Amino acid sequence: FSVGILWMCYALQFTLGILRHVVGSPTLSAGEAARLAYKESLEKQHNFMLRQLFKGLLSAAIPPREVLVTKVLEPESPELASTRVDEFLAVAQPVVDGLVAENPAA
């Protein structure tokens with residue numbers, strides 16, 4: 001598939017990582033979750049300059065953890081949010097990872 005679709009998959013890996021870390025590690029800030037997700041996904045695709053730029057923008061661009069949990073996940077309870085995200089990740093993560101792994105450019 002095209003390079004554009006591959007980069008969309010990389011971005012999805014990053015987004016899924018943020019969700020996984022925000023819900024799975026309640027003590028992490030959203031910025032810390034984003035940095036971990038970046039390290040696991042996009043960092044290996046970026047050159048030195050992009051890494052520095054992206055790392056600098058992460059803190060400024062990601063909303064606080066409370067905003068992510070209340071506005072994005074909209075849980076009735078933290079346990080329900082965790083269950084919903086876990087169910088979503090169980091389906092989405094293998095699909096996205098499989099698409100990236102099948103691409104010879106990966």
Side-chain angles (χ1 to χ4, degrees):
F1 49 80
S2 74
V3 173
I5 292 175
L6 179 61
W7 277 100
M8 284 178 34
C9 290
Y10 293 148
L12 282 170
Q13 282 182 320
F14 173 63
T15 304
L16 294 174
I18 293 172
L19 286 174
R20 184 176 60 255
H21 290 300
V22 164
V23 173
S25 303
T27 58
L28 285 181
S29 71
E32 292 167 326
R35 280 188 286 284
L36 284 171
Y38 178 74
K39 193 172 195 114
E40 297 166 354
S41 58
L42 289 171
E43 184 177 64
K44 59 187 167 245
Q45 308 304 327
H46 287 166
N47 63 30
F48 176 78
M49 291 299 289
L50 279 174
R51 282 186 204 128
Q52 302 313 307
L53 178 65
F54 212 89
K55 287 176 184 178
L57 291 174
L58 280 176
S59 297
I62 193 153
R65 177 187 182 82
E66 297 75 29
V67 172
L68 277 177
V69 172
T70 59
K71 300 289 184 183
V72 177
L73 301 175
E74 296 183 6
E76 288 98 37
S77 70
E79 296 80 22
L80 182 58
S82 179
T83 300
R84 287 181 179 165
V85 170
D86 288 343
E87 290 170 353
F88 175 70
L89 289 172
V91 174
Q93 193 76 58
V95 172
V96 173
D97 291 345
L99 289 170
V100 170
E102 287 179 19
N103 188 334

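Just the heavy atoms: all of them, side chains too, but no hydrogens, waters or symmetry mates, feed the values below. Owing to the predicted nature of the structure, the values given are computational and were not obtained by experimental measurement.
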Any salt bridge (charged side-chain N to carboxylate O under 4.0 Å, His left out) pairs touching residues 7-16, not counting sequence neighbours?
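Every pair satisfying salt bridge (charged side-chain N to carboxylate O under 4.0 Å, His left out) with a residue in residues 7-16: there are none.
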Which residues end up grouped with V67 if you chain together Ile, Leu, Val, Met, Phe, Trp and Tyr wherever their side-chain heavy atoms are less than 4.5 Å apart?
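Under the 4.5 Å side-chain rule, V67 groups with nothing.
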So how far is it from Q45 CD to C9 SG, rounded to the nearest 0.5 Å?
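Answer rounded to 0.5 Å: 11.0 Å.
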Contacts of S29 that satisfy side chain to side chain donor-acceptor pair (under 3.5 Å) - sequence neighbours left out:
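E32.
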What residues form a side chain to side chain donor-acceptor pair (under 3.5 Å) with K55, not counting sequence neighbours?
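Here the qualifying residues are E43.
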Flag yes if [X] and [Y] sit in one hydrophobic cluster, no otherwise; membership is Ile, Leu, Val, Met, Phe, Trp, Tyr, and two members link when side-chain heavy atoms are under 4.5 Å apart.
X: L57; Y: W7; value: no
X: L36; Y: V85; value: no
X: L42; Y: I62; value: yes

Could you tell me which non-hydrogen atom of V22 sits nearest to which non-hydrogen atom of A33, and how far apart they are?
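The pair with the smallest heavy-atom distance is CG2-CB, 3.7 Å.
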Specify the closest pair of heavy atoms between A30 and L68, including all atoms of both residues, with the distance to one decimal.
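Distance-wise, the nearest heavy atoms are CB-CD1, 3.6 Å.
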What pairs of donor and acceptor atoms, side-chain ones from residues 86-99 against any protein atom, are under 3.5 angstrom apart with sequence neighbours left out?
{"residue": "Q93", "atom": "OE1", "partner": "R20", "partner atom": "NH1", "Å": "3.1"}
{"residue": "Q93", "atom": "NE2", "partner": "D97", "partner atom": "OD1", "Å": "3.1"}
{"residue": "Q93", "atom": "NE2", "partner": "D97", "partner atom": "OD2", "Å": "3.4"}
{"residue": "D97", "atom": "OD1", "partner": "Q13", "partner atom": "NE2", "Å": "2.9"}

Check step by step if side-chain contact (heavy atoms from CB on, under 4.5 Å) holds for V100 and L12.
CA-CA 10 Å; V100 170; L12 282 170; over 6 Å; no
Keeping to residues at least two apart or across chains, list the ring-ring contact (aromatic ring centres under 6.0 Å, His included) pairs with something in residues 48-71.
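Sorted pair list: F14-F54, Y38-F54, H46-F54.
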Are the side chains of V23 and L19 in touch, meaning some heavy atoms are under 4.5 Å apart?
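No, side chains not in contact.
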